[in-house]
K.L.:
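Dropping a structure here in structure tokens format, bear with me for questions.
By convention in this document, chain letters (A, B, ...) are assigned in the order of the sequence lines, proteins followed by strands, and residues within each chain are numbered from 1. Given the structure is predicted, the values throughout are model-derived calculations rather than measurements.
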Protein chains: 2
Amino acid sequence: MVAARRDMALRKIRPSGGPEDFERWQQRKSSLTRESILDAAVDSLVESGYAGLSTNDVARRAGVSRGAMHHHFPNRIALVRGMIEHVFYRRMRHFLDDFVAQLKVIDPDDETLQPHVIAVELHWHSVQSREFEAYLRLAVAARNDAELAEAFDPAARRYDEVWLEEMDHAFPQWRSAPELMRLASDVTQALQLGLLINGSTIGEERVRAIQDELVGVVKRLAEAAKR
Amino acid sequence: MVAARRDMALRKIRPSGGPEDFERWQQRKSSLTRESILDAAVDSLVESGYAGLSTNDVARRAGVSRGAMHHHFPNRIALVRGMIEHVFYRRMRHFLDDFVAQLKVIDPDDETLQPHVIAVELHWHSVQSREFEAYLRLAVAARNDAELAEAFDPAARRYDEVWLEEMDHAFPQWRSAPELMRLASDVTQALQLGLLINGSTIGEERVRAIQDELVGVVKRLAEAAKR
DNA sequence: CCATTTACCGGCAACCTTGTCGGTTTTCTT
DNA sequence: AAGAAAACCGACAAGGTTGCCGGTAAATGG
């Protein structure tokens, strides 16, 4: 039932028309190549950056002709729009899957492994995923591309809303002080995003010290929320 | 004399061959167009992203022929290498200029405006500059471009070294606990980098709350360093 | 003042990308 | 089984990008 609720939440940002929505073979197959194109697009995005993303390359990677590609996505921007939905959905799913899996395993009496500490760990893990890498490219490119921003910004806000609902549900103890939980979440996301980029420069040791400090901050906020 | 010391520090990362290094007109003029090309390259980078950066566009912006461009930078990667030095130098200069200017103005008795709090404010300001925007594009692109990374990573490490020396000099009170100062600096940089990217999604109010939390963290670290 | 070095110019070839479109194969419908 | 519809294919034109190179103008220095 936990999984059921998660699926319900995910539906809010899930792009309609996934393969599982169809019974008939044609639509199912169509939807399948659509997904394979989007996957290929993410790969191409991560490797070449947003400006370097070429529909040609995407078709090649997906093992699909340029014609078929055009059938599903009439032009580049349509592909990008599809990719945005795809990336946000996968990113959220990735994290939530890991999270519910971990919650089942941990010992509730272990003080060092409180749920919010777990969440910080898992978020760091999710930040290092391919989906997040794609998100990063999109977010950075959207800063100076009006056309991209037009599609990206609303999707990002929708993602944020769903995310906060999920956090609210996952941490009922914080419910008395939602602004503190939001702060903890915001700090975690911003800090780990920055860490992802700066990490290779400053080295592992310093990364770990920063992570420890972050855990400390989140713990303090959790304490403050209890009162 | 503060400025003199700053210049000395800057020299460590300053690209040699700036216009002020030459007396003869020809070399001086040459160096001037070189700089204008690099400036144009930064603009192009910020607007089009790393992959979209075209030497054509750069020449157009700089008001220079493609031939002249080729004379200064034989190919694209040479231009990029020049740009990296340029960006790091300007970024550091931007921050240090602001910092020494502010230190002159503040009231040493004002508790709310301790130097490290000022530094956090100013760093946030510097993060929103054009130079940092360029740094961001380069850092993100370098994650999946070996050729770029080869030029970018060493420059980033050199920058980090000089940065830490500068901080050590600016905050002698922290000298007893250099690892705490480094931590404060790292947290500030990572958090504000993430904030720059996420800011447009989460809105001003939450950004401010995060900044306040950051100031709190830095203050606590400063306290801890005193003992 | 003349030779040489330096800065700068603009066109060319090879390549890649995007969007478009006529035509073919596969699946669905009746 | 036959017609309709959806999925898919490959080629083409227009335009942009890169690297290269022969040639010109200006500055330097002997």
K.L.:
Is the phosphate of D/dA6, meaning OP1 or OP2, less than 4.0 Å from a side-chain N or O of A/H72?
P.N.:
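No.
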K.L.:
For A/E205, give me all partners under side-chain hydrogen bond (donor to acceptor under 3.5 Å, both in side chains), at least two apart in sequence or on another chain.
P.N.:
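Not a single residue meets the side-chain hydrogen bond (donor to acceptor under 3.5 Å, both in side chains) criterion with A/E205.
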K.L.:
Is the closest side-chain donor-acceptor distance between B/E121 and B/Q102 under 3.5 Å?
P.N.:
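Side-chain D/A pair, B/E121 to B/Q102: absent.
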K.L.:
Just grab all the salt bridge (Lys or Arg N to Asp or Glu O under 4.0 Å) pairs involving residues 55-76 of chain A, residues at least two apart or on different chains.
P.N.:
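Residue pairs passing salt bridge (Lys or Arg N to Asp or Glu O under 4.0 Å), neighbours aside: A/E47-A/R61, A/D57-A/R60, A/D57-A/R61.
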K.L.:
List for me each residue that meets side chain to side chain contact (heavy atoms under 4.5 Å, CB included) alongside B/S200, sequence neighbours excluded, and say none if there are none.
P.N.:
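Testing B/S200 for side chain to side chain contact (heavy atoms under 4.5 Å, CB included), a comparison that skips the adjacent residues, returns none.
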K.L.:
So, using salt bridge (Lys or Arg N to Asp or Glu O under 4.0 Å) as the criterion, who are the partners of B/D168 when residues are at least two apart?
P.N.:
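Once residues adjacent in sequence are excluded, the partners of B/D168 under the salt bridge (Lys or Arg N to Asp or Glu O under 4.0 Å) criterion are B/R175.
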K.L.:
With a 4.0 Å cutoff (strictly under), does any side-chain N or O of B/H71 reach OP1 or OP2 of C/dC8?
P.N.:
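Answer is no, no contact under 4.0 Å.
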K.L.:
Classify every nucleotide of nucleotides 16-21 of chain D by which part a protein heavy atom approaches to under 4.0 Å, writing B for the base, S for the sugar-phosphate alone and - for neither, in 5'-to-3' order.
P.N.:
-SBBBB
K.L.:
Look at the side-chain N and O atoms of A/T33 and state whether any lies under 4.0 Å from the OP1 or OP2 oxygen of D/dA7.
P.N.:
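For A/T33, the contact criterion (side-chain N or O under 4.0 Å from OP1 or OP2 of D/dA7) is not met.
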K.L.:
Mind calculating the distance between CE (A/M69) and C1' (C/dG19) to the nearest angstrom?
P.N.:
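It is 12 Å, rounded to the nearest whole Å.
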K.L.:
Taking only residues two or more places apart in sequence or in another chain, which ones pass salt bridge (Lys or Arg N to Asp or Glu O under 4.0 Å) with B/D160?
P.N.:
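Expected list: A/R206.
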